[in-house]
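Indexing begins at 1, ligand by ligand and atom by atom, following the structure's order. Atom set for the values below is all heavy atoms of this structure, side chains included, hydrogens, waters and symmetry mates excluded.
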Amino acid sequence: MQSDFNTLNLLLDLKILQPQILHAEQINSTNTYFLQNRSHPNGTVLLADYQTGGKGRHGRVWHSPPEQALLFSVLLTELYNRAFLHVYTFLAAVAVYEGLELLGRGAFKLDLKWPNDVLLEGRKLCGILVQNRLVGNEMSQIVIGTGINVNQPANFFIGELSQGTSLNAVLGKSMDRIEVLKQVLVALDRWLFILGDSGETAIFNRWKAICSSIGKKVLVNDGQQIYAGTFKDLSNQGGLVLETEDQCRVFYAADVTLAKETSYVGCD
Ligand code: BTN
């Protein structure tokens, strides 16, 4: 894939991520680019103003109008603690949450939704897609792709997007995407360092401390059946541990809603 990049120096003091980031006005997908190009060092960040083929989870398309969302991927070639893929999803969600918390200073209510969404006022603000490249059976590269809705107006979120939201839609003002990116990258860098230093338990514990549906009654739809129970915990591989009347079940791919909700709050 051919792409024209310019570089932006964010002048951040980072341990793992590169403060000099790549920027493309248009690209197919920042994730796909990294999966197909081996030449960049560990911690390279690629930011795009627009993606013509943005990827979501489960093979879905990730749509964002030009220059309104924050669309970026981080390439990792040195794998911290050789943590399995799932942990990077939780790590990125925690980092987005913390970066935005700092930016918002209490002006809005953020939450996490298992497994990979960041919610703003109960609606999907951010999606995360972690992908990897295998060499043999070994994971050789990880790409953490993040899409944060920043400046889409409220009326963008209609029809199939009606469960989404943006910072602009909630705050009623547009924001500088680079300022948002800086906060998120600082938090991402910190959590990558923590992963290397302390391992994945620290990530899972932080995620659980933030996620408001832990300990609550939820409905889990695994595509075949809907299970009602209590969201007890994360398994040590990031699975959702559901306590039902008769047993504990662990889910690795499913959709979760709070049991008392009448409408669906996620976008996945
Ligand atoms: C989801 O389905 O919730 C995950 C969406 C992830 C979208 C981001 S945007 C930047 C990066 N590049 C992609 O093609 N996808 C991810």
Taking 4.0 Å as the limit for heavy-atom contacts, which would you say applies to [X] with ligand 1: side chain only, backbone only, both, or neither?
{"X": "Ser64", "result": "neither"}
{"X": "Gln51", "result": "side chain"}
{"X": "Asn116", "result": "side chain"}

[Y] and [X] side chains, donor-acceptor separation under 3.5 Å:
{"X": "Asp111", "Y": "Ser212", "result": "yes"}
{"X": "Asp246", "Y": "Thr244", "result": "yes"}
{"X": "Asn28", "Y": "Thr52", "result": "no"}

> If you look only at pairs with a residue in residues 147-197, which of them pass as a ring-ring contact (aromatic ring centres under 6.0 Å, His included), with sequence neighbours excluded?
Replying inline: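 Not a single pair qualifies under ring-ring contact (aromatic ring centres under 6.0 Å, His included).
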
>> If hydrophobic clusters are built from ILVMFWY residues whose side chains come within less than 4.5 Å, do Tyr50 and Leu181 share one?
In response: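 Each belongs to a different hydrophobic cluster.
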
What atoms in ligand 1 come closer than 4.0 Å to a heavy atom of [X]?
{"X": "Ser29", "value": "12 (N), 13 (C), 14 (O)"}
{"X": "Arg57", "value": "1 (C), 2 (O), 4 (C)"}
{"X": "Gly54", "value": "14 (O)"}
{"X": "Phe72", "value": "10 (C)"}
{"X": "Ser73", "value": "11 (C)"}
{"X": "Gly147", "value": "8 (C), 9 (S)"}
{"X": "Thr30", "value": "10 (C), 11 (C), 12 (N)"}

> When Ser73 is tested against each of Thr30, Thr44, Thr146 for side chain to side chain donor-acceptor pair (under 3.5 Å), which residue passes?
Replying inline: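 Output: one option passes, namely Thr30.
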
>> Please report whether ligand 1 has a polar contact with Lys124, defined as an N or O pair separated by less than 3.5 Å (distance criterion only).
In response: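 For ligand 1, there is an N or O atom that lies under 3.5 Å from one belonging to Lys124.
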
>> Is it the case that ligand 1 has an N or O less than 3.5 angstrom from some N or O of Lys55?
In response: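 Between Lys55 and ligand 1 (N or O atoms, distance only) the closest approach is under 3.5 Å.
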
> With a 4.0 Å cut-off, would you call Lys15 and Asp189 a salt bridge?
Replying inline: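 No, this pair does not count.
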
> Can you name the residues that form a salt bridge (Lys or Arg N to Asp or Glu O under 4.0 Å) with Arg249, not counting sequence neighbours?
Replying inline: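 If we apply the salt bridge (Lys or Arg N to Asp or Glu O under 4.0 Å) test to Arg249, skipping adjacent residues, there are no hits.
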
